[in-house]
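A short worksheet on the structure shown next.
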Amino acid sequence: QVQLVESGGGLVQAGGSLRLSCAASGSIFSINGMGWYRQAPGKQRELVAIITSGGMANYADSVKGRFTISRDNAKNTVYLQMSSLKPEDTALYYCYALIGRTATMWDNYWGQGTQVTVSS
């Protein structure tokens with residue numbers, strides 16, 4: 001069994017910063033991509049940022065220059081440093097990982113979500 005556990009959400013004023021963390025645990029052979037998605041009320045879930053095991057990162061245009069994704073492969077953990085936060089960043093943020101439980105058994109896993117609220 002595999003779990004993704006997120007932490008670090010909360011309430012912050014516009015212009016402030018937050019750091020999200022997500023740790024994967026359980027029966028893990030290897031982890032490929034790890035990342036963050038978000039879903040605001042009434043909107044579809046969207047990609048925020050994703051990073052490969054080799055450290056290559058991609059970002060949504062809306063967060064480029066403000067958010068930084070990183071990961072610690074030894075700890076099976078991915079981070080999202082969010083700066084210059086805007087009210088439109090308010091959403092439920094979900095951790096994502098493509099995890100192999102064996103060399104041939106790969107699945108997508110999601111965290112339970114952590115709320116980020118940015119007040120104006």
Side-chain angles (χ1 to χ4, degrees):
Q1 200 169 5
V2 173
Q3 279 189 319
L4 298 181
V5 179
E6 301 136 332
S7 61
L11 173 64
V12 65
Q13 288 189 331
S17 299
L18 281 175
R19 188 190 195 213
L20 306 182
S21 300
C22 172
S25 63
S27 179
I28 297 172
F29 170 75
S30 182
I31 302 179
N32 196 334
M34 299 186 81
W36 296 91
Y37 286 71
R38 67 185 181 187
Q39 187 167 19
K43 294 189 177 182
Q44 289 188 333
R45 189 176 297 190
E46 63 175 1
L47 173 68
V48 176
I50 195 161
I51 185 168
T52 68
S53 57
M56 292 185 63
N58 282 297
Y59 297 91
D61 287 343
S62 59
V63 307
K64 281 181 182 176
R66 300 188 298 121
F67 292 9
T68 301
I69 190 170
S70 61
R71 65 189 279 178
D72 184 332
N73 291 330
K75 296 181 178 179
N76 291 336
T77 299
V78 64
Y79 306 96
L80 186 68
Q81 178 66 47
M82 304 184 291
S83 302
S84 302
L85 283 160
K86 305 175 181 180
E88 50 263 44
D89 294 316
T90 295
L92 192 58
Y93 282 70
Y94 294 93
C95 177
Y96 160 83
L98 176 59
I99 295 175
R101 296 180 64 187
T102 68
T104 58
M105 190 184 303
W106 292 80
D107 285 298
N108 297 309
Y109 290 88
W110 295 90
Q112 78 284 359
T114 185
Q115 180 67 39
V116 172
T117 302
V118 184
S119 63
S120 57

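Residues take their numbers from the sequence shown, with the count starting at 1. When reading the values below, keep in mind they use all heavy atoms of this one structure, side chains included, and skip hydrogens, waters and symmetry mates.
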Hey, quick one: are [X] and [Y] part of the same hydrophobic cluster, counting side-chain heavy atoms closer than 4.5 Å, chains of contacts allowed?
| X | Y | value |
| --- | --- | --- |
| Leu47 | Leu92 | yes |
| Ile50 | Val2 | no |
| Tyr109 | Ile51 | yes |

Contacts table for residues 23-37: side-chain donor-acceptor under 3.5 angstrom, sequence neighbours left out:
none

Note to self: Run the side chain to side chain contact (heavy atoms under 4.5 Å, CB included) test against Val116 and tell me which residues pass, sequence neighbours left out.
What the structure shows: Leu18, Leu20, Met82, Tyr93, Val118

Residues 55-66, side-chain donor-acceptor partners within the protein, below 3.5 Å, at least two apart:
unit_1, atom_1, unit_2, atom_2, d
Tyr59, OH, Ile69, N, 2.9
Asp61, OD1, Lys64, NZ, 3.1
Ser62, OG, Arg38, NH2, 3.4
Arg66, NH1, Ser84, O, 2.9
Arg66, NH1, Asp89, OD2, 2.8
Arg66, NH2, Ser62, O, 2.9
Arg66, NH2, Asp89, OD1, 3.0
Arg66, NH2, Asp89, OD2, 3.4

Next item on the list: Please name the pair of heavy atoms, one in Ala14 and one in Ser120, separated by the smallest distance, quoted to 0.1 Å.
Entry: CB-CA, 4.3 Å

Checklist line | Nearest non-hydrogen partners of Tyr79 and Ser21, listed with the distance | finding: CD2-OG, 3.3 Å

Margin query: Does Gln3, at its CD atom, have more than 12 non-hydrogen atoms belonging to other residues, nucleotides or ligands within less than 6.0 Å?
Written below: no

Side chains of [X] and [Y], heavy atoms from C-beta outward: is any pair under 4.5 Å?
| X | Y | result |
| --- | --- | --- |
| Asn76 | Asn73 | no |
| Gln81 | Phe67 | no |
| Leu98 | Trp106 | yes |

Next item on the list: Just grab all the salt bridge (Lys or Arg N to Asp or Glu O under 4.0 Å) pairs involving residues 71-83, residues at least two apart or on different chains.
Entry: none

Notebook entry, point to check: Tell me the disulfide bond (SG atoms under 2.5 Å apart) pairs involving residues 58-99, sequence neighbours left out?
Noted result: Cys22-Cys95

Note to self: I need the Gln112 CD to Leu4 CG distance, nearest 0.5 Å.
What the structure shows: 8.5 Å

Next item on the list: Can you tell me which residue pairs pass the side chain to side chain donor-acceptor pair (under 3.5 Å) test with a partner in residues 96-105, sequence neighbours excluded?
Entry: Tyr96-Asn108

